[in-house]
Amino acid sequence: EVQLLESGGTLVQPGGSLRLSCAASGFSFSNYAMSWVRQSPGKGLEWVSSISGSGGSTYYADSVKGRFTISRDNSRHTVYLHMTGLRAEDTAIYYCANDRGEYPDCFDFWGQGTVVTVSS
Amino acid sequence: DIVMTQTPLSLSVSPGQPAAISCKSSRSLLYSNGHTYLYWFLQRPGQSPQLLIYEASKRFPGVPDRFSASGSGTDFTLKISRVEAEDVGVYYCMQSKQLPLFTFGPGTTVDIK
């Protein structure tokens, strides 16, 4: 059974930094791309970032490019999202999701999400 | 960027009745390999989204067969043959043709009359 468990969400001040983690189990982690998708309060879904299975390719939405960094540790079956220069509009539930191949294509399974609140 | 639209934005259905949601993309989602990169997700109240349909018409494992989807190019439809209480939530379509940029539709809220 695929399980994705996000952690690291908290209240942070504007301009601050945060690192989210997503621990995966139940599938061959290093073979699959992983992604982060967020949902602002009462809003729809917004793709944030993806990383290939090997970690050699990374992709970002324009809204976070230059501020967020995605990475993964295949030995720990964990994907990370390092967020800097946080803004109020980054307030959201952040979900990690796995893919069906080495490169991002779809979001087959989702974690339960971790809440990031950016406020002074 | 490919823009996704959905209609209606909300839908109220009696149990056992059918429901249909339309999704349109601003550009064709058919790729040169013959695959169509359109997906449907359901987000039940208080839960994470879950994949229902991939590549426009293929049911994800475990998804009840009362869910079906069709479409090609820029026009797609998700159908529920007989709505049940557990089908309540927000349905999103999403494209992955224009990678690495994934874009979602605005969502359609389905509730029970």
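Keep in mind that this is a model prediction, so the values were computed, not measured. Sequence lines set the chain letters: A, B, ... in the order given, protein chains first and strands last, and positions in each chain run from 1.
Between B:Glu84 and B:Arg66 there is a side-chain heavy-atom pair separated by less than 4.5 Å. Under the 4.5 Å side-chain criterion, counting only non-hydrogen atoms from C-beta, B:Val88 is in contact with B:Pro45. The side-chain heavy atoms of B:Phe67 and B:Lys79, taken from C-beta on, include no pair separated by under 4.5 Å. Residues B:Pro18 and B:Ile80 are not in side-chain contact: their nearest non-hydrogen atoms beyond the backbone lie 4.5 Å or more apart.
For B:Phe60, the part lying under 4.5 angstrom from a heavy atom of chain A is the side chain only.
For the side chain to side chain contact (heavy atoms under 4.5 Å, CB included) with A:Ile93, the qualifying choice from A:Leu45, A:Val116, A:Val115, A:Val37 is A:Val115, the only one to do so.
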Distance-only criterion, 3.5 Å: which donor-acceptor pairs connect chain B and chain A?
| unit_1 | atom_1 | unit_2 | atom_2 | d |
| --- | --- | --- | --- | --- |
| B:Tyr39 | OH | A:Asp105 | OD1 | 3.1 |
| B:Gln43 | OE1 | A:Gln39 | NE2 | 2.8 |
| B:Gln43 | NE2 | A:Gln39 | OE1 | 2.8 |
| B:Gln43 | NE2 | A:Tyr95 | OH | 3.2 |
| B:Ser48 | OG | A:Gly111 | O | 2.5 |
| B:Tyr92 | OH | A:Gln39 | NE2 | 3.4 |
| B:Ser96 | OG | A:Asp105 | O | 2.9 |

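B:Phe41 and B:Leu101 fall within the same hydrophobic cluster, defined by Ile, Leu, Val, Met, Phe, Trp and Tyr side-chain heavy atoms under 4.5 Å apart, directly or through other members.
The candidate from A:Gly113, A:Gly44, A:Pro104, A:Cys106 with the greatest count of non-hydrogen atom pairs under 4.5 Å with chain B is A:Cys106.
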CA sep, side-chain torsions, deciding dist, call: A:Phe109, A:Phe27, ring-ring contact (aromatic ring centres under 6.0 Å, His included): CA-CA 11 Å; A:Phe109 294 97; A:Phe27 63 102; 8.0 Å; no
